[in-house]
Every structure is written in C-alpha cells, then in structure tokens.
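Okay, so here's the structure we're looking at.
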Amino acid sequence: MKLYNFTDLLQVAKERDFKALGSFNLHCLEMLPAFFSAAEKTNSPLMIQISTGTAKYLGHKLLVDAIRSLSESRNVPTCLHLDHCSDLDAIQTALDAGFSSIMYDGSHLPIEENIANTRRVIDMARPLAVSVEAELGAIGGSEDGKVVEMNDAAFTTVDEAKRFVDETGVDMLAISIGTVHGLYTGKAHIQHQRLAEITDATKTPLVLHGGTGVSDEDMRLAVRSGIEKVNVGTEMNVQWVANCKQTFEKGKVNDSVRNFLVPANDAVTNVLVEKIQLFR
C-alpha cells in the first residue's frame, strides 16, 4: 500500500465521517503497533509524524519501510509526516527516503522569508505529490529541543494568514491560537473567534499544534471551526515512559523485553483511541 499525503488522507478520513486527522508523534519503533491498533479500533486512517531527531535516530528509510509494511498488512491508509523542520537539506533527505508529507517551520523568521522558504519547499515536494505544512505565528513551549518562551509566543493574525496562504498555496497551515507545545501547567485557552476568522479568510486546512493540553470540549469546537489536523505527542510519551518505568522496575533481567513494553503500548493505544474519537 502506498503512503498517502495529507490531502489524500484527509479525504479518506472525511469519507469515514471524521472532520479532522490526528497526527501522532512516533518516538521509537516499539510504539508502532500501538498506533496501528488504535487506527483499527476506530476505523481511522493514520497520520504518523516524525521529528528530525527521531528520523536521525531510527533512519529515514527504516521508518518508511516499516510504516509502509504495517500500513499494507493492517490495511490502514497511512501518511508519514516530517514535523517541525527548518533545514531544507533535512527535508530533501526525507523526500528522497519516501516521506509523504513535510512541515517546513519558518515561524521564527520574518513573514517574507517564511513565505519565500515555504515556496522553495513546495517546489521540492510538488513533483513527488508530497503535501507541505507551514507555520505562522509563534507557539509557546518546547518541541524536539526547540523552545519558545511564553513571553515570545505570538498569535497568528487573520491578515497574515490570508497573505501567507495566497502567496504560497501551502496544503495546510499551523496557526497559533492559544495552545502550547509540550506539558501543560494549566488549561489551554483556545481563541475560537480568531480560529473562525482565519478559517473563513484562508479556506485552507488549519493545523493545531500542542493538542495534548486541550480540553475535549475545546477540541471538538476547534475541529468544527476549521482545524483539520491535530498534533498530539506529549500525552502518549508521558504514558509510555510511566508504564515502562513500572514494568522495567518490576521485571527480572532475564525477562523478555517485549513483556515490559506491552503495557506501554496498550496505554499509547488508549490515548490515541480517545483522541481520535474527538475528531468526528
């Protein structure tokens, strides 16, 4: 089975009565069965996103081959997405390996430079039918070693979002409307009116980063208001580590390592199932 780009996978999701796609951070190969189990349980297509750090750790080709194989054997339409990458050489490496979706992150740059670089990435990706995500505005928190202090967070404006989409033709746009990357210390305050106005102005799939700390009510409302891709990573990682700490601590040195990982996988599957159900 081929790997789907975002645009084609979103169509599959809508045919199955989902309004949005969850995009879930993979940290290690051992997590993969949990991702596919959640997709099977919910009859959902699957979008798996990889940080540049994880891609270097596991190897681009190994990721593509493993995910494509599981997609075919489990009959789950799947997209493999490179998340938060500002390095055009790293993007080219992912494209050459067979990734089906790419995020160029120029949110830290002046808008003119962000637009210019995003257009370069689109020119690289379009001939391969690979979808491209960009980001506009600064989302606070930490993501794959990149830290944006909360005082430096900047909400996406309607005018800039429209200009960005008009000048790039990007497939999806990540916007800053009140979420935070990483662990939350309190409830996220989504700016729903800002989201509705950006949706109306851009007519383009919008992306919500920092999906872990968003309440179920806010998530459902955001999805109804134009969010069509939701990034979730921290909550799965927390569950994975917490369960592994327990099982490894109780286990014996001659136990099979897979026995330590099964509870962690089950916990990850449960998190994904809960999140996916919010996207209908």
Side-chain angles (χ1 to χ4, degrees), residues 2-10 21-29 31-32 35-36 45-71 76-109 114 116-136 139 141-146 148 168-175 181-182 204-211 228-234 236-237:
K2 69 172 185 177
L3 292 177
Y4 286 66
N5 64 29
F6 167 79
T7 303
D8 291 343
L9 197 71
L10 182 63
L21 278 168
S23 192
F24 304 110
N25 283 92
L26 181 73
H27 297 276
C28 59
L29 287 177
M31 277 187 177
L32 267 179
F35 282 46
F36 281 89
L46 181 61
M47 190 164 189
I48 299 173
Q49 60 186 31
I50 309 292
S51 69
T52 53
T54 298
K56 290 177 182 177
Y57 167 63
L58 292 175
H60 294 76
K61 195 64 169 64
L62 174 60
L63 283 164
V64 170
D65 289 347
I67 290 171
R68 183 183 286 139
S69 176
L70 278 168
S71 174
V76 174
T78 306
C79 174
L80 176 56
H81 177 75
L82 181 68
D83 192 31
H84 279 289
C85 188
S86 304
D87 183 342
L88 268 61
D89 289 337
I91 287 173
Q92 187 63 61
T93 298
L95 291 172
D96 292 341
F99 278 58
S100 56
S101 186
I102 298 290
M103 180 192 179
Y104 170 72
D105 185 357
S107 58
H108 56 291
L109 300 171
N114 192 359
N117 287 350
T118 300
R119 290 173 68 172
R120 288 178 64 190
V121 172
I122 289 173
D123 287 342
M124 295 161 62
R126 282 283 190 268
L128 302 173
V130 171
S131 53
V132 176
E133 174 184 345
E135 183 172 322
L136 189 60
I139 299 169
S142 176
E143 178 79 10
D144 196 32
K146 300 176 184 177
V148 176
T168 63
V170 73
D171 298 296
M172 44 187 158
L173 181 65
I175 57 174
H181 287 130
T204 294
L206 301 177
V207 183
L208 187 72
H209 286 215
E228 293 185 284
K229 175 177 177 280
V230 180
N231 288 15
V232 180
T234 302
M236 292 179 301
N237 199 53

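Bear in mind the structure is a predicted one, so any value in this text is a computation, not a measurement.
The 12-atom threshold is exceeded at CZ of R126, counting heavy atoms of other residues, nucleotides or ligands nearer than 6.0 Å. Within 6.0 Å of atom CZ in R68, more than 12 heavy atoms from other residues, nucleotides or ligands are found, so the atom counts as buried in its surroundings.
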**OP:** May I have the step-by-step check of side chain to side chain contact (heavy atoms under 4.5 Å, CB included) for S100 and K2, ending in yes or no?
**Re:** CA-CA 9 Å; S100 56; K2 69 172 185 177; over 6 Å; no
Subject >> Residues F35, T78; criterion side chain to side chain contact (heavy atoms under 4.5 Å, CB included); working and verdict >> reply: CA-CA 11 Å; F35 282 46; T78 306; over 6 Å; no
**OP:** Would you please test V232 and Q49 for side chain to side chain contact (heavy atoms under 4.5 Å, CB included) and show each step?
**Re:** CA-CA 9 Å; V232 180; Q49 60 186 31; over 6 Å; no
**OP:** Carefully, step by step, assess I91 and M124 under the rule side chain to side chain contact (heavy atoms under 4.5 Å, CB included).
**Re:** CA-CA 9 Å; I91 287 173; M124 295 161 62; 4.0 Å; yes
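To the nearest 0.5 Å, atoms SG (C85) and OH (Y104) are separated by 9.0 Å. Between the CG atom of L88 and the OG atom of S86 there is a distance of 9.0 Å, given to the nearest 0.5 Å. The CG atom of L82 sits 10.0 Å away from atom OG1 of T54, with the distance rounded to the nearest 0.5 Å. Distance check: Y57 OH to L62 CG gives 10.5 Å after rounding to the nearest 0.5 Å. The distance from atom CG of L21 to atom CG of L46, rounded to the nearest 0.5 Å, is 9.0 Å. How far CD of Q92 is from CG of D89: 8.0 Å, rounded to the nearest 0.5 Å.
Using a 4.5 Å heavy-atom cutoff, the side chains of P205 and F6 are in contact. M172 is not listed as a side-chain neighbour of E228, based on a closest heavy-atom distance of 4.5 Å or more. Residues N231 and V207 are in side-chain contact: their nearest non-hydrogen atoms beyond the backbone lie under 4.5 Å apart. Side-chain contact check for I175 versus L208: every heavy-atom pair is 4.5 Å or farther apart. Counting only heavy atoms from C-beta outward, the side chains of S101 and M47 approach each other to under 4.5 Å. In this structure, V64 and L80 have side chains that are in contact, with non-hydrogen atoms separated by less than 4.5 Å. Residues H209 and M103 are in side-chain contact: their nearest non-hydrogen atoms beyond the backbone lie under 4.5 Å apart. In this structure the side chain of M236 reaches within 4.5 angstrom of the side chain of F24, judged on heavy atoms.
Under the 4.0 Å criterion applied to side-chain N and carboxylate O atoms, D96 and K61 are not assigned as salt-bridge partners.
Legend: residues meeting side-chain contact (heavy atoms from CB on, under 4.5 Å) with A66, ordered by chain and number and at least two apart, are L29, L32. Every residue meeting the side-chain contact (heavy atoms from CB on, under 4.5 Å) condition with H60, not counting sequence neighbours, appears here in chain and number order: A55, T93, A94, A97, F99.
Of all the heavy atoms in G98 and L3, the pair that sits closest is O-CD1, 3.8 Å. When all heavy atoms of P45 and L9 are compared, the closest pair comes out as CB-CD1, 3.5 Å.
Of the possible donor and acceptor atoms, one in the side chain of T118 sits under 3.5 Å from a partner among the backbone N and O of N114. No side-chain donor-acceptor contact under 3.5 Å links N5 to the backbone of S131. Side-chain atoms of D105 never come within 3.5 Å of backbone atoms of E133 as a donor-acceptor pair (strictly under, hydrogens ignored).
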